[in-house]
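As a basis for the values below, the full set of heavy atoms in this structure was taken, side chains included, without hydrogen atoms, waters or symmetry mates. Count residues from 1 along the sequence.
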Amino acid sequence: MRVSVLGLGYVGCVSAACLASLGHEVIGVDVNQVKVDLVNDGKAPVVEERIGELIAEVVRTGALRATADVREAIMGSDVSLVCVGTPSEPNGSLCTTYLERVTEQIGAAVAERGGRHTVVFRSTMLPGTCLNLLVPILEKYVGGTAGVDIGVAVNPEFLREGTSVRDFFDPPKTVIGELDAASGDMVAALYEGLPGEVFRVPIPTAEAIKYADNAFHGLKIGFANELGAICQALGVDSHQVIDVFLADRKLNISPAYLRPGFAFGGSCLPKDLRSLVHAAQRADVSVPILSHVLPSNSAHLQRAVELVERTGKRRVGLFGLSFKPGTDDLRESPLAQAGRPLRARHRHAGRAPGGPGYDLRIYDPNVNLSRLLGANREYIETRLPHLAQLLAGSLDEVLEHAEVYLVGTREPAVLSALPHGDGSVIVDLIRLPDAEARRAEPGYVGLAW
């Protein structure tokens, strides 16, 4: 394929050289004439393992050349990879100046060139940037419709500096955010033969995936460093701890707990996080990540309460109460904690002018107060003393009572009884199995999806 790569920094330089080595005819573009001259001399404008030898080879064979002229590159290619920088503004926001400028130049050149050209954005940008900012620019300059007259895709990169050439040829995944199938096909053809799973997704999803990756990488590094600092203060070998931690591929290094859902609770996680953070504080070790996990969890729980408030309705039915389905353990159950402010606002509504009052009913087939024992019963008596007044004896009692259904369980009886398609207000805390279909219904709202 005839490919232009706009921006010859780390991502653009590596992408251009590697694509050329795969047999594509590549034109690199950069506003910096020094970079252009280096590439045309067969030299790498960046320091990176293997990139010098690779550029020398593909320039020697004629598979790669460089120019400072965007128009020239577009005229000589069928697909463009935009790899310009998206640095931070002083306030932390994303700078899209270079993206906008190069998109204008591409659009003007495509309009002059004629025929369909596919523009692939490889720069890191926030969800919505492509469709809301860049596509309108392209359509304005091209004078046509994106997805019809001009192809558009987002293809985030997962290249690590220092190993980027290896990462290109052995990617963890290939993500193609496509505006239309033809645009996606063009991107897929660029990487044909490379290993790794290919994901073809909507454009905003592709934009978000890059941020999910980098945020998690930063979180992992910060977590490991904070844990290491605590271990050092307590006289523990942090690397031994992490070696055992990493060996657990069932819960730790796995998909476990990485699905957006409701807040966590139970007898272990909250208690142990408090103890660990307290131990760090006593040892004068600052752990800003770990110390904010529980506040983050509380904020997520509060989102659920706010979703109920926004409905403007008063009669609420809560399905599910225990901290984990299939148990009767109510200790620090997030569902019980979500019910507490609703219950409190119900009790004090008369004393809070303008404040909403809620008439709450709860159903959980696994919770029977007469059978609760030990610490579980003590927790109810001290933290949720009014629970007996709120528990319904049957599913139908809650269905008949409520105007808003707050769903926190996947119990088959509850799922089959939930109304569907009649405009009922359903606040989904767990992502129901049919959530995708329900999203089109006016009364449905998901907590984090």
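Note: Phe223 CZ to Asn225 CG = 10.5 Å, rounded to the nearest 0.5 Å. Atom CZ of Arg410 sits about 8.0 Å away from atom CG of Leu415, to the nearest 0.5 Å. Distance check: Phe158 CZ to Lys210 NZ gives 6.5 Å after rounding to the nearest 0.5 Å. For the atom pair SG of Cys18 and CD1 of Ile51, the computed distance is 5.5 Å after rounding to the nearest 0.5 Å. The CG atom of Leu126 lies 8.5 Å from the OG1 atom of Thr86; values are rounded to the nearest 0.5 Å. In this structure, the separation between CG on Asp149 and NE2 on His117 is 14.0 Å, given to the nearest 0.5 Å.
Between Val165 and Leu54, some side-chain heavy-atom pair lies under the 4.5 Å cut-off. Residues Pro45 and Cys13 meet the side-chain proximity criterion, which asks for heavy atoms closer than 4.5 Å. Contact annotation: the side chain of Val102 approaches that of Gln105 to within less than 4.5 Å [non-hydrogen atoms, C-beta and beyond]. Counting only heavy atoms from C-beta outward, the side chains of Leu22 and Phe168 approach each other to under 4.5 Å. Cys83 is not listed as a side-chain neighbour of Phe121, based on a closest heavy-atom distance of 4.5 Å or more. Side chains of Val82 and Val119 form a contact here, defined as non-hydrogen atoms less than 4.5 Å apart. Using a 4.5 Å heavy-atom threshold, the side chains of Val308 and Tyr358 count as touching.
Checked by atom type, the side-chain pair Asp422/Ser424 shows a donor-acceptor distance below 3.5 Å. Tyr405 and Asp428 share no side-chain donor-acceptor pair at under 3.5 Å. Counting only N and O atoms by type, the side chains of Ser4 and Ser80 include a donor and acceptor under 3.5 Å apart. Side chain to side chain, Glu100 and Thr96 meet the donor-acceptor criterion of an N or O pair below 3.5 Å.
Figure legend: cation-pi geometry between Lys173 and Phe199 absent, as NZ or CZ is not positioned both under 6.0 Å from the six-membered ring centre and within 45° of its axis.
Closest approach of Val36 to Ala68, counting heavy atoms only: CG2-N, 4.0 Å. Across all non-hydrogen atoms, the minimal contact from Val175 to Asn155 is O-ND2, 3.0 Å. Arg122 and Leu159 make their closest contact through NH2-CD1, 4.2 Å (heavy atoms, listed as atom of the first residue, atom of the second, distance). Across every non-hydrogen atom of Val26 and Ala20, the tightest pair is CG2-N, 3.6 Å. The minimum heavy-atom distance linking Ala108 with Tyr141 is given by the pair N-CB, 3.7 Å. Here the closest non-hydrogen pair linking Val241 and Cys231 is CG2-SG, 4.1 Å.
Of the possible polar contacts, one joining the Ser123 side chain to the Val84 backbone as a donor-acceptor pair under 3.5 Å is found. The closest donor-acceptor contact from the side chain of Glu411 to the backbone of Gly320 lies at 3.5 Å or more, if one exists at all. A donor-acceptor pair under 3.5 Å links the side-chain atoms of Arg249 to the main chain of Leu246, judged by distance alone. No donor-acceptor distance shorter than 3.5 angstrom exists from the side chain of Glu178 to the backbone of Ser183, with no hydrogens or angles considered. One N or O on the side chain of Glu207 and one on the backbone of Gly128 form a donor-acceptor pair closer than 3.5 Å. With His24 contributing its side chain and Leu64 its backbone, the two residues share no donor-acceptor pair below 3.5 Å. Ser15 contributes a side-chain N or O that, together with a main-chain N or O of Val11, makes up a donor-acceptor pair within less than 3.5 Å.
Of the charged side-chain nitrogens involved, at least one lies within less than 4.0 Å of a carboxylate oxygen, so that Asp180 and Arg116 count as a salt-bridged pair. Using a 4.0 Å cut-off between charged side-chain N and carboxylate O, Glu436 and Arg439 make a salt bridge. We find that Glu57 and Arg60 are joined by a salt bridge, their nearest charged nitrogen and carboxylate oxygen being less than 4.0 Å apart. Ionic pairing of Arg160 and Glu48 is not present here: no N-O contact between side-chain nitrogen and carboxylate oxygen is shorter than 4.0 angstrom. A salt bridge is absent between Glu104 and Lys140; no separation between the charged side-chain nitrogens and carboxylate oxygens falls under 4.0 Å. In summary, Arg166 and Glu49 engage in a salt bridge, as defined by a charged side-chain N under 4.0 Å from a carboxylate O. Taking a cutoff of 4.0 Å between a charged side-chain nitrogen and a carboxylate oxygen, Asp434 and Arg438 qualify as a salt bridge.
Remark: Arg101 engages no residue in a salt bridge (charged side-chain N to carboxylate O under 4.0 Å, His left out) (not counting sequence neighbours).
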Worked verdict on Arg2 versus Glu25 for salt bridge (charged side-chain N to carboxylate O under 4.0 Å, His left out): CA-CA 5 Å; Arg2 300 190 306 163; Glu25 181 184 328; 5.5 Å; no

Between Asn91 and Ser93, does a side-chain hydrogen bond (donor to acceptor under 3.5 Å, both in side chains) hold up when you go through it step by step? CA-CA 6 Å; Asn91 66 357; Ser93 63; 2.7 Å; yes

Quick one, Glu332 with Lys271, criterion salt bridge (charged side-chain N to carboxylate O under 4.0 Å, His left out). Give me CA distance, side-chain angles, the key distance, then yes/no. CA-CA 9 Å; Glu332 301 209 43; Lys271 171 182 70 70; over 6 Å; no

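Residue-environment remark: NE2 (His420) exceeds the threshold of 12 foreign heavy atoms within 6.0 Å. Around CD of Glu72, the count of heavy atoms belonging to other residues, nucleotides or ligands within 6.0 Å exceeds 12.
Paired with Val427 under the rule side chain to side chain contact (heavy atoms under 4.5 Å, CB included), one option of Val407, Leu447, Leu307 passes, and it is Leu307.
Between Phe319 and Tyr363, the angle of the ring planes goes over 60°, which puts this pair in the perpendicular group of the 30/60° scheme.
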